[in-house]
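Treat the numbers as computed from the prediction; the structure is a model and nothing was measured.
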Amino acid sequence: MNKELLEAMEVLEKEKNIAKDTLIEAIENSLLTACKNHFGKADNVKVTVNPNTCDFAVYAEKTVVENVEDDILEISLADAKMLSPKYEVGDTVQIPLDSKKFGRIATQNAKNVILQKIREEERKVLYNEYYTKEKDVMTGIVQRYLGRNVSINLGRVDAILNESEQVKGETFRPTERIKVYVIEVKDTPKGPRVSVSRTHPDLVKRLFESEVAEVRDGTVEIKAIAREAGSRTKIAVKSNDSNVDPVGACVGLNGARVNSIVSELRGEKIDIINWDDNPAYLIENALSPAKVICVVADEEAREAQVIVPDYQLSLAIGKEGQNARLAARLTGFKIDIKSETQAREMGLFEQMGLQYGDTPAASFEEETYEEPENYQEYQEDYQEDVNEQE
């Protein structure tokens, strides 16, 4: 038994996750390469390796002939009879080859074939391992800055966090642990190249899946996400169980769940709203925490006219237009927001078939849903932002 070779193969299989069969194949190919370098031909050379003992044998298959013209491929009848009297002209004889007699160059080439195969398999194993992590969140350790890019260690490979995928103003310290979204995994000659992001909207989605059991098991579904990384995110959620409140499930007791995600995103505010198949209701919810008087949505043109109380106009628009911008991205509608005064002056109430002061039509009336107390406090951050701007 070749104990050293067997132990080496077991170590490679354990540490590099390279199958023993692949290593045996590499050894066979390396011995064939050595034979070709030593004899000039290897077409008639066969190699067998016992997978249990790692004992290997190298032999050449030669044809029995009367007169030998090529001693690499042929053997005389007289020599064949010396090996066994049963051989006749036309038979095939297996002649054992001593691999120890191979020259230095042939041996070196065989070694290079094995090493090359091991590198290829290691790269393939790594690629397959990290390819399954594509479009998912991984925890990495910050290594160092490469110019304005950041090298993130994800275990067995290093990923690159490009400047364009970094949150503006966010800085990292070496050895710091952060969560990143795996955008793409490419197979390259130097190994898998992993691109990650801290700005991708799906980072928030995956964080909710890991933090909220109801999202993970499909009870609560995240229907849409709009994000301005580092500042604010809006997500629309829908419950597939009438007994489960989707917003409350995502917020958690005393805001524990959402605050955990906010902490990971370093203070980025998150607005969680109820999804509604009625675009008018959805737009009303998306403009939260601002109160809405009336919404008229044109599904074909993907445009909506929204009227809000005068004192809610700045809140509905948001700081630098952020609230309205995120609501538009979330719903997919172009949203035009007007105050009551503006709507009255422009005659919008009449165009909508309402009189000023009327209760909005049933399709636009306010929902009876009551938000958790802590969530309302959380949403009031918007008003603080507006006050700071003013």
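- Transitive grouping of hydrophobic side chains (ILVMFWY, heavy atoms separated by less than 4.5 Å) brings Ile283 and Leu313 into a common cluster.
- Listed for the Asp91 side chain is a donor-acceptor partner under 3.5 Å among the backbone atoms of Glu88.
- For Asp336 and Gln305, the side-chain atoms include at least one donor-acceptor pair closer than 3.5 Å.
- Of the possible donor and acceptor atoms, one in the side chain of Glu176 sits under 3.5 Å from a partner among the backbone N and O of Arg173.
- In plain terms, the two heavy atoms of Ala343 and Ile307 that are nearest each other are CB-CD1, 3.6 Å.
- Heavy atoms only, all atoms of each residue included: Gly230 and Val167 are closest at CA-CG1, 3.3 Å.
- Under the side-chain contact (heavy atoms from CB on, under 4.5 Å) criterion, Asp187 pairs with Arg123, Tyr127, sequence neighbours left out.
- In the hydrophobic clustering of this structure, Ile317 groups with Phe333; members are Ile, Leu, Val, Met, Phe, Trp, Tyr whose side-chain heavy atoms approach within less than 4.5 Å, directly or through other members.
- Residues Val180 and Val204 are members of separate hydrophobic clusters, defined by side-chain heavy-atom contacts under 4.5 angstrom among Ile, Leu, Val, Met, Phe, Trp and Tyr.
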Side chain to side chain contact (heavy atoms under 4.5 Å, CB included) between Val292 and Tyr281, intermediate numbers included: CA-CA 10 Å; Val292 174; Tyr281 279 130; over 6 Å; no
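- For the residue pair Ser239 and Asp241, no side-chain donor N or O sits within less than 3.5 Å of a side-chain acceptor on the partner.
- Each ring pair (Phe, Tyr, Trp, His ring centres under 6.0 Å) pair with one or both residues in residues 162-183, not counting sequence neighbours, appears once here: Tyr181-His200.
- Here the CD1 atom belonging to Ile335 is positioned 11.0 Å from the CD atom belonging to Glu303, to the nearest 0.5 angstrom.
- Interatomic distance, Arg227 CZ to Thr233 OG1, rounded to the nearest 0.5 Å: 5.0 Å.
- Taking CD1 of Ile141 as the reference point, atom OG1 of Thr175 lies at 8.0 Å (rounded to 0.5 Å).
- Only one option out of Glu122, Glu121, Gln116 pairs with Arg119 in a side chain to side chain donor-acceptor pair (under 3.5 Å); it is Gln116.
- In this structure, Val237 and Cys250 approach most closely via the heavy-atom pair CG1-SG, 4.0 Å.
- No option in Leu146, Val194, Val142, Val150 other than Val150 meets the side chain to side chain contact (heavy atoms under 4.5 Å, CB included) test with Leu161.
- Within the model, atoms CZ of Arg257 and OG of Ser210 stand 11.0 Å from one another, a figure rounded to the nearest 0.5 Å.
- Between Arg156 and Glu129 a salt bridge is recorded (basic side-chain N to carboxylate O distance below 4.0 Å).
- Side-chain N or O atoms of Asp310 include one that pairs as donor or acceptor with a backbone N or O of Thr341 at under 3.5 Å.
- By the rule that hydrophobic residues join a cluster once side-chain heavy atoms approach within less than 4.5 Å of another member, Ile183 and Leu207 end up as members of one cluster.
- Proximity of a side-chain donor or acceptor of Arg193 to a complementary backbone N or O of Ile160 within less than 3.5 Å is not detected.
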Worked check of side chain to side chain contact (heavy atoms under 4.5 Å, CB included) between Asn259 and Val251: CA-CA 8 Å; Asn259 286 336; Val251 172; over 6 Å; no
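- Ser231 and Glu268 are not linked by any side-chain donor-acceptor pair at a separation below 3.5 angstrom, with hydrogens and angles left out of the test.
- Note: the hydrophobic cluster containing Val89 does not contain Val68 (ILVMFWY, side chain heavy atoms under 4.5 Å, direct or indirect links).
- Of the possible polar contacts, one joining the Gln166 side chain to the Arg148 backbone as a donor-acceptor pair under 3.5 Å is found.
- Distance alone, capped at 3.5 Å, is enough to place a donor-acceptor pair between the Asp298 side chain and the Ala301 backbone.
- In summary, Asp271 and Arg232 engage in a salt bridge, as defined by a charged side-chain N under 4.0 Å from a carboxylate O.
- Annotation for Lys334: atom NZ does not count as buried by contact number, only 12 or fewer foreign heavy atoms lying within 6.0 Å.
- The distance from the CG atom of Asn153 to the OG1 atom of Thr139 is 12.0 Å, given to the nearest 0.5 Å.
- A donor-acceptor distance shorter than 3.5 angstrom exists from the side chain of Tyr130 to the backbone of Leu154, with no hydrogens or angles considered.
- More than 12 heavy atoms of other shown residues, nucleotides or ligands fall within 6.0 angstrom of atom CZ in Arg329.
- By the 4.5 Å heavy-atom criterion applied to side chains, Asp277 and Leu282 are not counted as neighbours.
- Side-chain N or O atoms of Asn323 include one that pairs as donor or acceptor with a backbone N or O of Ala316 at under 3.5 Å.
- Smallest separation of non-hydrogen atoms from Glu211 and Ser260: OE1-OG, 3.4 Å.
- Look at Arg325 and Glu228 and you find a salt bridge, because one of the NZ, NE, NH1 or NH2 atoms lies within 4.0 Å of a carboxylate O, short of that distance.
- Heavy-atom neighbours of Asp217 CG from other residues, nucleotides or ligands within 6.0 Å: above the threshold of 12.
- In terms of modelled atom types and a separation under 3.5 Å, the side chain of Gln342 and the main chain of Ser339 share a donor-acceptor contact.
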Trace of the side chain to side chain contact (heavy atoms under 4.5 Å, CB included) decision for Leu330 with Ile273: CA-CA 10 Å; Leu330 189 74; Ile273 68 157; 3.4 Å; yes
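- Here the closest heavy-atom approach between residue Lys133 and residue Val182 is recorded as O-CB, 3.5 Å.
- The shortest heavy-atom contact between Pro246 and Asn274 is CG-OD1, 3.3 Å.
- Side chain to side chain, Glu165 and Thr199 meet the donor-acceptor criterion of an N or O pair below 3.5 Å.
- For the atom pair Ile152 CD1 and Arg177 CZ, the distance stands at 11.5 Å (nearest 0.5 Å).
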